[in-house]
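Structure first, then comments.
Lettering of chains follows the sequences in order, A, B, ..., and the numbering in each one begins at 1. Below, each value reflects all heavy atoms present in this structure, side chains not excepted, and no hydrogens, waters or symmetry copies.
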Amino acid sequence: MRLKLILLATAAALAGAGPAHAERGADGHVNVIYWQAPSILNPFLSGGTKDIESASLVIEPLAGYDEKGVLFPRLAESIPTVENGGVSADLTTITWKLKPGLLWSDGTPVTSADVVFSWEYCTHPEGGCAQLGAFEGVKTVEAVDDLTVKVTFDAQKPVPYGPFVGGQSPIIQKAQFADCLGTKAPECTAANFGPIGTGPFKVVDFKTNDVIQLEANPHYRDPAKPAFATMTFKGGGDAAAAGRAVLETGEFDYAWNLQLAPDVLKGMAAAGKGEAMSAFGTLVERIEMNLTDPSPSLPEGERSTAKHPHPILSDLKVRKALSMAIDRALLVEVGYGQAGRPTCNIVPAPAMFASDNTDCLKQDIEGAKALLTEAGWVPGPDGVRVKDGMRLKLLYQTSVNAVRQDFQALIKQWWSEIGVETELKSIDASVYFGADPGSPDTFQRFYADVEMYANNFNGTDPQAYLASYTCEKAPKPETQWQGENINRYCDPAYDALVAELGKTADLTKRTEIAKKLNEMLTKETYTIVPLVDRGRVSARSNSLGGVVLNTWDTELWNAADWYRIK
Amino acid sequence: MLTFTLRRLLLSIPTLLAISLVIFLILELAPGDPVASMPLTIPPEVREKIRESLGLGAPFHVRYLLWLKAFFVTEPLHALDALLGTDFAAGSQRILSFQSRSPVFDIIAERLPQTLTVVGMAYLIGVLIAVPIGIISAYRQYSWFDQIGTLIAMLGYSVPTFFTGVLLIVVFSVHLGWFPSIYDTTLVVDSWDSFLLQVRQMTLPVAVLALYNAAQISRFMRASMLDNLHQDYVRTARAKGMGERVVVFVHVLRNSMIPVVTVVALGVPGVFGGAIITEQVFKVNGLGQLLITAIYGNDVPMVQTLTFIFAILIVLFNLVADVLYGLLDPRIRYD
Amino acid sequence: MTDAPARPAEAAGPGGASPPAAGQTRKPPASPAAAVWRQFRSHTGAVVGLTVFAGLVVAILFGPLVWTVDPQLIDIRARNLGPTWAHPFGTDQLGRDLLARVLAGGRVSLAVGVTAMLLSLTVGTFVGVVAGYFHRLDGPLMRLTDLFLALPVLPLLLVLVMFFREPLAGAFGPEMGTFVLIVSAIGLTSWMQTARIVRGDVLVLKEREFVLASRSIGTPSRRMITRHVLPNVMSPIMVSATLGIASAIITESALSFLGLGFPPDFPTWGRLLFDAIDYIRDYPERVMWPGLAISLVVLSVNYMGDGLRDALDPRIRGR
């Protein structure tokens, strides 16, 4: 078996001719550029997207999501469901079967022990595994036989596709990582930089935060793939430079995540060397309203806590007016172009979970003005509304990012039209998204009235995502300002519904609850004001074929199918 | 001079220790979090676990002392092991980067060559063109050469490298296609062709940096030459019938070198520090890029180690400058 | 190069008595300041520099009174326009008028550039002179300089902002507070080069005959420094000033990117330049205006510096 594969690979490399994508290694070299450079090829030790995606060329999970968000088997033979008996009727276990005959890139067989080990590795109490979330609720993972793995949850799990599914939760080789458990994990540099995998490529050389050189995995399960014999994966720089390298100079074949202004991207694509592709997932750019008072006059420890409701934004009418004043279509046009569409939902996809909520799409300045007047805010001498001697003035913060700053400027102007004065603030992303409890500028701490950022969820099920807006998840000084409910939204009805979602297995019922939860946060309370459903834009050169952009899993999910258009 | 040098070297040990403590304090106080760059889909409890696994749970002074020990004991021992094949450092904790979880010194060693070739070359070229330009500009003050030199130097300095770099790429890579816009760090120079490739990919970043460095140094050179050309001793020398060449190159130049030596000595550690913006623009991925990604990623061990090496070089080269002052002008005494 | 050129010889020409004597023995002119001014005026480059600089300052101060378009007003239909009568410099990606933005940005950039440069120059010169002149202070001050040179600038700025933004905003108001913070941050992190250079020159000067002579007649240190040392280290200081103003303007823009500077919608030259870089291919003129403005400031300050140095040099002034 092994010899045959090697012979096949060599033959493919020698032959060279023939149909473009029928033989392994026939298409030579491919260049990929990520403007964020991968630091490590072990996704368990780094949560960064760049690390997960680069590692996905090498190590794979049991199953992944395709471009439509549908699960498909990778190392597994099929997707276990209740119907095929793979998921137990009480929804507490899931049994995966590996494809027979799978080999690691070093030629040794893949067994269920490797799967069990991957779980042990990540859940080691001292390991600091970044993907621990995938294993939440997992009681045990056992090897039933060489090719069968049974995952048992400690409670009913309506969606059991967390562990070993998607690029975040790959299978690593037990033989290679056996001595790297817990505190020893970072000491295994060679393994972390060059994991042995089952994916289409294997690592030849890894330079951290710079470049990876890969070659076709001689033991990849499809003997005809990958079409490319070698790959250079370069990291670093900025999105504009990466776009230029693919679209304008043609030095690279694939560029990841080109977050550029639409005009800029259009100008680059006009050079005719490549094409910008886009696809949509669950990432939503939104404005979050602070329901608590962030005033600096309050003592430290009480600012932005449930003790003091927000003097302005506690009023639903004000929040709604702020949302009505925004022209989302224009925001998309200015900031995202083909890579964005207006949305009123925080769960914009998959289609079955997306509420048909479109109220917010039309800008209504007059309606917003009327609503503010109704709420008691009347225009003062300088046009800024006042109520009980208080000016309608908001501090609006976000991270440093050209598009976000354009959004801030536009929204500030619209709000000024309805009589709201806005002070803008931008914070370096590494501080803003950091969780340093000592820093006043983190997005969790929320020492501002409104703030903007984007968030999404992994996979296709929004349960965990919606569950982050329950009362107890509000960041507060007692929890070192950790927590995901950054609005400090608190509604017992919402919490009850979230609990119900956790117990519901019926898919139709689940979608109904999820839609209701989404609406409670958006059009019913305007706690969260979604702006743009942000797609992903990546670019490929005209000569790179087989690329299918996927937002549900790693973008390089089908690198095995890539080929050179001749 | 020897006792002075020795005394200063000894004195630099407490200085450097103090510097390392201050750097550590600043990094400790700076807001930021090594898990900030991870996707928001990772829940807070997991983030807390990651932080603990990075050793951030320990109090400040413990982490500082551990770092000191690793820097001054473990790492040198490790280097010794690597050189001699011994086994002194076995089992002791090296300094590990938060981002890549690999030893900081290995990464630095990996990055050093490309930084030295690009940034070092740019600095060398910068100095080599700046000194003659400075001399001629001063000697023929307000001549057309001087005027054009001034114009170019001022433009070179006032227009930031993030602009000149992108401009050169748009002109020479995109429109003309002469040079690559992305530096290939995997290129191995082993033949004439690969050498030509290396030269081609170095041209743009070196040009950007050399212009910037030359602009600054030539201004100091010119100013200092001008000062000295007007001194009495120059008149005396000319009056004594000395050749113009001797007057300018021996007397004036030597006396004008002090500010230039200062500036160059301040710049040399900067070569090690890399050129943050230019490296980013051309994807050279040297030490500058390493430092900036470490700062953005709050990779404290990496930032601390790089900055501290930088500090050692600063202290060292400022000492070199002081010694050179004494050689250039024997009247300068430090005792 | 062997022929003696006319200019330097001329410059070092007659009338240059030994420097310290020059100021005291010459026939009393109107005043030293007037003499400096007369010499300054005779320097063509300096006059042109002064005129351009003054022109820029006037444009920035009074331009917004003439060109009354609001620099923050978004006119989304007029995006990415080239120069027209309605928008002489064109508009940016949100349809904001670039002329108005360049004018408004100039206020901040010039104010920050000049103030931060002066601050850094003052600190640098003071440290340099004191360290060079007083042997006892040399060691401690130079080690302090080493420390500042070694500090990682970005984290340091983050720390400064974290601790001082709110107190300063409380003390001076939000905008003035930010201004004070930025200027001190830039000043604090950029004085070291000047200090090292000035010190090097002072070390040499200290051993010059005229200084030794002056000291031997018992001139007090303060008088020595102001009369003999400072005037003779003017040229590196002037160069530092020119270079300092350029880097201060650019550093300011870097600060606002980190969220450490002025609010994001506040235009400054460095920011306008940086924002325009992505559009360099399609709208190159957008990079040109702020770039030109910065270069003009730096060039004019450079020539003014040249003139001022010549004017302050008693050997030349005496001509």
(request) Using non-hydrogen atoms and a 4.5 Å limit, figure out which bit of A:Lys207 sits close to chain B: side chain, backbone, both or neither. (result) both
(request) Specify which of B:Lys49, B:Glu52, B:Glu48 makes the most heavy-atom pairs with chain A at under 4.5 Å. (result) B:Lys49
(request) Look up atom CZ in A:Phe193 and atom CG in B:Asp106, then write down how far apart they are to the nearest 0.5 Å. (result) 8.5 Å
(request) Can you tell which part of A:Phe135 gets under 4.5 Å to a heavy atom of chain B, answering side chain, backbone, both or neither? (result) neither
(message) Quick check: do B:Ser181 and A:Glu251 have side-chain heavy atoms less than 4.5 Å from each other?
(response) yes
(request) Go through the atoms of A:Cys129 and report whether side chain, backbone, both or neither lie under 4.5 Å from a heavy atom of chain B. (result) backbone
(message) Distance check, rounded to the nearest 0.5 Å: A:Thr249 atom OG1 versus B:Leu176 atom CG?
(response) 13.0 Å
(request) Could you look at B:Arg94 and say if it's the side chain, the backbone, both or neither that has a heavy atom under 4.5 Å from chain A? (result) neither
(message) Under 4.5 Å from any heavy atom of chain B, what part of A:Tyr465 do you find: side chain, backbone, both or neither?
(response) neither
(request) Can you tell which part of A:Thr189 gets under 4.5 Å to a heavy atom of chain B, answering side chain, backbone, both or neither? (result) side chain
(request) Please flag which part of A:Thr208 lies under 4.5 Å from any non-hydrogen atom of chain B: side chain, backbone, both or neither. (result) both
(request) Identify which of A:Ala130, A:Gly235, A:Gly48 forms the greatest number of heavy-atom pairs closer than 4.5 Å to chain B. (result) A:Ala130
(message) Using the rule given for side chain to side chain contact (heavy atoms under 4.5 Å, CB included), can you reason through A:Lys234 versus B:Asn285, listing the C-alpha separation, both sets of side-chain angles and the distance that settles it, and then say yes or no?
(response) CA-CA 10 Å; A:Lys234 174 84 177 177; B:Asn285 291 355; 3.8 Å; yes
(request) Among the options A:Gln131, A:Glu248, A:Lys273, A:Glu126, pick out the one with the most heavy-atom pairs lying under 4.5 Å from chain B. (result) A:Glu248
(message) Quick check on B:Thr293 against chain A: is it the side chain, the backbone, both or neither that has a heavy atom closer than 4.5 Å?
(response) side chain
(request) Could you tell me which portion of A:Pro125 (side chain, backbone, both or neither) has an atom closer than 4.5 angstrom to a non-hydrogen atom of chain B? (result) backbone
(message) Only pairs of heavy atoms separated by less than 4.5 Å count here; which of A:Gly483, A:Ser39, A:Gly250 has the most with chain B?
(response) A:Ser39
(request) Decide yes or no on side chain to side chain contact (heavy atoms under 4.5 Å, CB included) for B:Val174 and A:Arg244, but give the supporting numbers first. (result) CA-CA 8 Å; B:Val174 175; A:Arg244 209 175 288 128; 3.7 Å; yes
(message) For B:Leu54, which atoms come within 4.5 Å of any heavy atom of chain A: side chain, backbone, both, or neither?
(response) neither
(request) Output the distance between atom OG (B:Ser100) and atom CG (A:Asp51), rounded to the nearest 0.5 Å. (result) 9.5 Å
(request) Please flag which part of B:Tyr183 lies under 4.5 Å from any non-hydrogen atom of chain A: side chain, backbone, both or neither. (result) backbone
(request) Name the region of B:Ile182, side chain, backbone, both or neither, that has any atom closer than 4.5 Å to a heavy atom of chain A. (result) both
(message) Report which part of B:Gln114 has an atom under 4.5 Å of a heavy atom belonging to chain A: side chain, backbone, both, or neither.
(response) side chain
(message) Would you compute the distance between atom CZ of B:Arg101 and atom SG of A:Cys180 and round it to the nearest 0.5 angstrom?
(response) 12.5 Å
(message) Check this for me: B:Gln198, atom CD, are more than 12 non-hydrogen atoms of other residues, nucleotides or ligands nearer than 6.0 Å?
(response) yes
(request) State whether the number of non-hydrogen atoms from other residues, nucleotides or ligands found under 6.0 Å of B:Phe72 atom CZ is greater than 12. (result) yes
(request) Below 4.5 Å from any heavy atom of chain B, which atoms of A:Ile33 appear? Answer side chain, backbone, both or neither. (result) side chain
(message) Can you give me the closest heavy-atom contact between B:Arg111 and A:Asn209, atom names plus distance?
(response) NH2-O, 3.1 Å
(request) Could you check if a side-chain atom of A:Gln213 sits within less than 4.5 angstrom of a side-chain atom of B:Thr186, using non-hydrogen atoms only? (result) yes
(request) Please flag which part of A:Ala454 lies under 4.5 Å from any non-hydrogen atom of chain B: side chain, backbone, both or neither. (result) backbone
(message) Out of B:Pro180, B:Gly297, B:Ser173, B:Gly177, return the one with the most heavy atom pairs under 4.5 angstrom to chain A.
(response) B:Pro180
(request) Give, as side chain, backbone, both or neither, the part of B:Gln289 having an atom under 4.5 angstrom from any heavy atom of chain A. (result) side chain
(request) Would you indicate whether A:Asp179, at its atom CG, is surrounded by more than 12 heavy atoms from other residues, nucleotides or ligands within a distance under 6.0 Å? (result) no
